[in-house]
*Asks:* 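The structure's right below; bear with me while I get my questions together.
Just so it is clear: chains get the letters A, B, ... in the order the sequence lines come, proteins before strands, and each one is counted from 1. Owing to the predicted nature of the structure, the values given are computational and were not obtained by experimental measurement.
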Amino acid sequence: MKELAKAYEFKDVEHKLYQWWQESGYFSPWNEPENHDFDPGIKPYVLSIPPANVTGGLHLGHVMFVALEDLMVRHQRMRGVPTLWIPGTDHAGIATQLQVEKMLALQGRSREEMGREKFEQEVWQWKEKYGSQITNQIRRLGASCDWKRERFTLDEGLSDAVREAFVRLYEKGMIYRGPRMTNWSPGLRTAVSDLEVEYVEEPGLLYYFKYRLADSPAEFIPVATTRPETILGDTAVAVHPEDERYQKYIGKTVLVPILDREIPVIADEYVDREFGTGSLKITPSHDPNDYEIGMRHNLQFINILDKNAVVNENGGPYQGLDRFVCREKIWQDMKEKELVLKEQPYIHTVPRSQRGGEIIEPMITTQWYVQMKPLAEAGLEAVREGKIKILPERFEKVYFNWLENVQDWCISRQLWWGHRIPVWYCDECDLLTIARTDPTQCSHCGSLKIRQETDVLDTWFSSGLWPFSTLGWPQETADYRYFYPTTMMETGYDILFFWVARMIMLGLEFTGQAPFDTVYLHGLIRDENGVKMSKTKNNVIDPLVVMEEMGTDALRFTMLVGSTPGNDTSISLKKVEANRNFANKIWNAGRFVIGNLERVSNTPQADPQWTLADSWIWARLQELIRDVDRLFANHQYGEAGRQIYEFFWGEFADWYVEIAKLQINKGGDRAFYTEQTLIRILDTSLRLLHPFTPFVTEELWQNLKEASLQKPDLYQPQDGWEEALMIAKWPQAQASEGWEDEKVKSFALIQEIVRAIRNARTEKKLPPGRKIAAVLVSPEMRELLVAQKEPIALLSGLDQDRYEVLPSLVEKPQGSTPLVVAGIEVYLSLAEFIDSGLEVERLEKEIQEIENQIERLQKLLSSSFAEKAPMAVVNKEREKLETYCNSIEKLKEQRNSLE
RNA sequence: GGGCGGGUAGCUCAGUUGGUUAGAGCACAUGUUUUACACACAUGAGGUCGCAGGUUCGAGCCCUGUCCCGCCCACCA
């Protein structure tokens with residue numbers, strides 16, 4: 001038999017196993033027919049991966065979703081359900097383009113000089129080079145996804161899906177193009193959607209100045225702004241219609257500072273009389289609110305900035321200045337002309353680009369939009385009617401709130417990397433050609449002079465189609481027919497709007513079905529102090545480094561048991577370390593079990609006679625399986641993992657394995673059946689643990705299988721040994737046979753006695769090797785205590801030959817220390833270690849404690865609790881009271897005999 | 001301005017149908033090379049579950065109020 005390493009060496013295992021799994025085809029749906037003609041009678045479990053950004057490196061967010069999704073998928077696969085987890089990557093428009101541009105800049109090149117086509121080639125090359133990096137890293141995490149079905153959002157098939165989606169929406173009149181107030185990112189020189197703007201509170205200045213009246217330059221209306229450069233684009237000053245201070249000016253004209261352009265004073269209820277000066281400058285082209293007011297009052301729209309946020313020809317003397325330089329300059333100039341009143345420190349919210357971090361400039365640009373109202377209606381209904389369940393449930397409210405107030409979606413981006421919008425402009429007839437395949441001529445006038453729209457689509461447009469585009473939509477492929485709609489969508493709550501909501505809406509729109517039935521949202525990962533990880537804070541934990549040091553299983557297990565859905569999680573290396581220890585514990589328990597195989601005989605002479613420990617661990621295992629099943633059904637994965645951990649370490653390894661040593665030393669049938677139990681518990685535990693810690697369990701299981709096959713009489717899993725643990729059968733709890741509770745209770749009593757004796761030994765500072773004599777006294781438990789002599793003696797260091805159980809005490813053993821455990825008296829002969837003064841003290845303390853308990857319980861049981869609480873609960877308390885009463889008398893006797 | 005989450009042992013966190021002396025890991029103290037594991041074993045110390053009310057026979061868990069911390073949404077110059 002092969003020697004197992006003393007510690008679990010994950011480095012030797014992970015890569016090897018992953019390769020093997022993959023080559024064996026286990027990642028593909030179970031029982032996949034050659035022709036992909038699936039049995040429609042069996043409902044598959046399908047999950048599409050949140051596509052990773054091609055340019056990104058692995059971070060803990062990936063670890064989180066892979067750990068969870070792989071757990072779900074492995075669990076279902078073991079349950080025998082055809083299971084598909086589709087992997088893939090996202091072209092991530094802005095992020096990727098930025099990266100490549102950065103790289104080019106280092107080489108002294110720029111996309112403008114190389115032109116669009118060349119640049120796109122450059123990005124593709126980058127994608128080929130780095131795109132596989134992230135998927136390889138996801139493989140390292142053990143992700144059991146079907147790589148044969150891997151997709152990329154810019155793949156041909158997915159691009160077809162994007163076109164189909166665009167054209168259909170357009171044909172339904174749900175896509176329109178036009179000038180609107182947009183969030184303009186001057187650095188990226190593209191529009192971004194509302195979601196891509198972050199509002200950050202920052203200290204700034206509020207600038208107060210004068211709007212002089214055209215016909216009476218001595219008079220003025222005081223106005224305040226945080227952005228003085230926008231004065232150049234002002235086309236009105238607004239006051240509240242009922243504001244007595246300013247009513248007289250309504251209808252008059254005032255002069256724009258510096259430019260001396262004449263603009264009207266208008267009345268609008270939007271103006272807050274209490275705020276600032278109570279009068280508002282209106283820049284319809286550079287402020288969303290002013291835009292609305294401008295529309296209402298038919299104001300002039302003056303755009304003063306170009307695409308780089310540099311002042312244009314409308315800015316008069318300021319043309320060519322950057323927006324912030326202009327801010328300074330115009331204020332200086334106004335000061336000189338005595339047009340300013342004051343400046344005041346002010347905290348305001350600044351819109352910043354989520355990507356580049358630069359300040360977003362609201363600007364009127366021509367963009368493509370998707371009308372959201374009808375889509376949102378359907379999206380709301382699907383969740384309201386329970387067709388889609390969002391977990392944790394509270395996020396349903398967040399989802400509703402967003403969709404109920406959703407604005408039209410700006411889907412065009414002035415980028416080069418992405419799906420180019422399938423619209424062609426005709427130079428001759430000016431009409432648009434919208435097509436699924438590239439047209440050669442205008443569909444209206446037949447002219448050959450057509451140009452494709454240069455804008456690309458928002459990257460989330462294609463990811464919004466992900467659950468069905470990856471399965472072949474719009475083609476009616478076998479995969480699409482069988483696997484759609486998918487089952488589970490698992491992702492971080494931070495992209496609920498960006499991604500999940502859009503998948504739901506687009507899925508309903510295009511496929512007529514909800515794209516998945518459950519959304520499981522995990523929290524974000526923070527450092528051990530609960531702070532968001534960021535490079536600037538230098539608190540980023542690199543999962544690759546952690547895996548290198550502690551192993552993948554340890555990291556995965558940490559993510560799973562350390563978190564609850566929807567709540568952010570702090571991760572610390574200490575935790576990972578503890579779970580590395582757990583992996584090692586699994587390994588060594590397995591090593592022990594496997595190592596014992598040689599020591600047992602091949603065939604038993606008689607039917608099994610199970611010991612209390614055997615029965616106990618078996619019963620506990622059944623209970624565990626039931627609990628785990630229940631928790632999985634409720635998506636309480638972390639709690640399930642915790643319970644398996646507790647069982648495996650705290651019960652199997654700490655107690656059963658120790659007693660098994662004793663039983664195996666007996667040899668013969670006893671050894672045989674003990675080893676059988678050991679293997680059975682181990683096998684089952686490995687199955688339960690596999691979705692959490694796939695590598696160590698598979699490796700150990702293979703060893704267990706190999707060794708067990710040498711002794712087929714000893715143990716066979718119910719359905720024989722499968723090829724691999726990852727496709728082995730998920731354990732099924734056996735129905736309770738009625739004896740279990742009593743065995744579990746008896747064993748708990750043994751544990752209690754052992755702990756009490758160990759405690760006494762430690763307190764009295766007994767040398768650990770010293771075996772001591774003991775007398776146990778109990779009329780009711782006598783049989784049990786006699787039968788369990790050996791385990792009790794072994795575990796608490798008693799001398800078996802001087803172990804006595806008496807129904808009642810005739811005479812107190814000389815030189816012994818008395819204990820009472822659940823009504824059972826225990827006398828340990830520790831003569832030379834006893835200080836009778838201390839003993840009395842100890843007993844007094846114990847008596848006091850138990851008296852308190854008795855008092856508490858008597859009070860409780862004589863209250864209305866006894867009538868109103870369920871019987872079972874009351875009985876439990878009564879039993880407790882009985883045990884205490886039993887104990888207290890004995891304790892008192894013991895104390896008295898010492899005095 | 002609206003909504004949500006968290007506040008439980010020194011630290012990081014579990015604790016889902018409310019059941020009656022509250023759990024884990026780490027850290028801490030003491031002891032141990034016990035033939036699977038020192039990435040271990042044994043024993044121990046450590047908490048009025050943010051605060052104040054309420055419902056209930058019974059509340060960490062449900063309700064109300066309140067204080068901190070964090071997040072999301074929203075157009076206040």
*Asks:* Identify whether any heavy atom of A/Lys765 sits under 4.0 Å from a base atom; if not, whether one sits that close to sugar-phosphate; answer base, sugar-phosphate or nothing.
*Replies:*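 If one applies the 4.0 Å heavy-atom cut-off, A/Lys765 turns out to touch nothing in the nucleic acid.
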
*Asks:* Side chain of A/Glu646: nearest nucleotide among B/A24, B/G15, B/G6?
*Replies:*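 Nearest nucleotide to the side chain: B/A24.
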
*Asks:* Does any donor-acceptor pair link the side chain of A/Lys6 with the base of B/C37 at a separation under 3.5 Å?
*Replies:*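 Looking at the base of B/C37, it does not pair with any donor or acceptor on the side chain of A/Lys6 (distance under 3.5 Å).
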
*Asks:* Which nucleotide, B/C39, B/C76, B/A24, lies nearest any side-chain atom of A/Phe275?
*Replies:*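 Closest of the options to the side chain of A/Phe275: B/C76.
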
*Asks:* Need the pair for B/G18. Rule: Watson-Crick or G-U wobble, both distances under 3.5 Å, any strand; none if unpaired.
*Replies:*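 Pairing partner: none.
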
*Asks:* With A/Arg352, which of A/Glu198, A/Glu196, A/Glu202, A/Glu201 fulfils salt bridge (charged side-chain N to carboxylate O under 4.0 Å, His left out)?
*Replies:*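 Result for salt bridge (charged side-chain N to carboxylate O under 4.0 Å, His left out) with A/Arg352: A/Glu202.
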
*Asks:* Which is true for A/Glu292 with a 4.0 Å heavy-atom rule: it touches a base, it touches only sugar-phosphate, or it touches nothing?
*Replies:*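 Contact class for A/Glu292: none.
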
*Asks:* Could you tell me whether A/Lys661 contacts a base, only the sugar-phosphate backbone, or nothing, with contacts defined as non-hydrogen atoms closer than 4.0 Å?
*Replies:*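 The answer is base, as A/Lys661 lies within the cut-off (heavy atoms under 4.0 Å) of a base atom.
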
*Asks:* Between B/A27, B/C73, B/G19, spot the one nearest the side chain of A/Lys574, thanks.
*Replies:*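 Per side-chain heavy atoms of A/Lys574, the pick is B/A27.
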
*Asks:* What pairs with A/Asp194 under side chain to side chain contact (heavy atoms under 4.5 Å, CB included), at least two apart in sequence or on another chain?
*Replies:*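 Result, side chain to side chain contact (heavy atoms under 4.5 Å, CB included) vs A/Asp194: A/Asn183, A/Gln407.
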
*Asks:* Using the C1' atom as the point on both nucleotides, what is the distance between B/A74 and B/U12, in whole Å?
*Replies:*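 B/U12 and B/A74 have their C1' atoms separated by 35 Å.
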
*Asks:* Nearest whole Å is fine: how far is B/C75 C1' from A/Asp287 CG?
*Replies:*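 Spelled out: CG on A/Asp287 to C1' on B/C75 is 7 Å.
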
*Asks:* Have a look at A/Pro870 and say if it touches a base, only the backbone sugar-phosphate, or nothing, with a 4.0 Å heavy-atom cut-off.
*Replies:*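 Answer is base: heavy atoms of A/Pro870 come under 4.0 Å of a base.
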
*Asks:* For nucleotides B/C69 and B/U55, find the distance between their C1' atoms and express it as a whole number of Å.
*Replies:*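 Pairwise C1' distance, B/C69 against B/U55, rounds to 29 Å.
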
*Asks:* Considering every strand shown, what is the Watson-Crick or G-U wobble mate of B/C13 when both distances are under 3.5 Å?
*Replies:*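 Result: B/G23.
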
*Asks:* What I want to check is whether an N or O donor and acceptor connect the side chain of A/Tyr270 with the base of B/C76 at under 3.5 Å.
*Replies:*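 Check fails, no donor-acceptor contact within cut-off.
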
*Asks:* Have a look at A/Ala578 and say if it touches a base, only the backbone sugar-phosphate, or nothing, with a 4.0 Å heavy-atom cut-off.
*Replies:*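 Sugar-phosphate only.
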
*Asks:* Closest approach to the side chain of A/Arg394, judged atom by atom: which nucleotide of B/G5, B/C41, B/A36 is it?
*Replies:*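 Selected nucleotide (nearest to the side chain): B/G5.
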
*Asks:* Of the candidate nucleotides B/G25, B/A36, B/C39, which contains the atom at the shortest distance from the side chain of A/Asn581?
*Replies:*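 Of the options given, the side chain of A/Asn581 lies nearest B/C39.
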
*Asks:* Determine the contact category for A/Glu658: base if any of its heavy atoms lies under 4.0 Å from a base atom, sugar-phosphate if only primed atoms, P, OP1 or OP2 are that close, otherwise nothing.
*Replies:*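 Base, at least one base heavy atom under 4.0 Å.
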
*Asks:* Could you measure between the two C1' atoms, the one in B/A42 and the one in B/C37, and give it in whole Å?
*Replies:*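 Those two atoms are separated by 15 Å.
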
*Asks:* For B/C41, what is the paired nucleotide under Watson-Crick or G-U wobble rules, both distances under 3.5 Å?
*Replies:*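 Paired with B/C41, as far as the under-3.5 Å criterion goes, is B/G31.
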
*Asks:* Which one, B/C75, B/C26, B/C39, comes nearest to the side chain of A/Ala7?
*Replies:*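 So the nucleotide nearest the side chain must be B/C39.
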
*Asks:* Contact class for A/Val223 (heavy atom, under 4.0 Å): base, sugar-phosphate, or nothing?
*Replies:*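 Result for A/Val223 = nothing.
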
*Asks:* Where the side chain of A/Arg591 is concerned, which of B/U43, B/A36, B/C57 is the nearest nucleotide?
*Replies:*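 So the nucleotide nearest the side chain must be B/A36.
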
*Asks:* Between B/A77, B/A42, B/C71, which one does the side chain of A/Thr349 approach most closely?
*Replies:*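 Nearest nucleotide to the side chain: B/A77.
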
*Asks:* Step through it carefully: locate the ring centre of A/Phe692, locate the ring centre of A/Phe582, and say whether they are under 6.0 Å apart.
*Replies:*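 Not close enough - the centres of the two rings lie 6.0 Å or further apart.
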
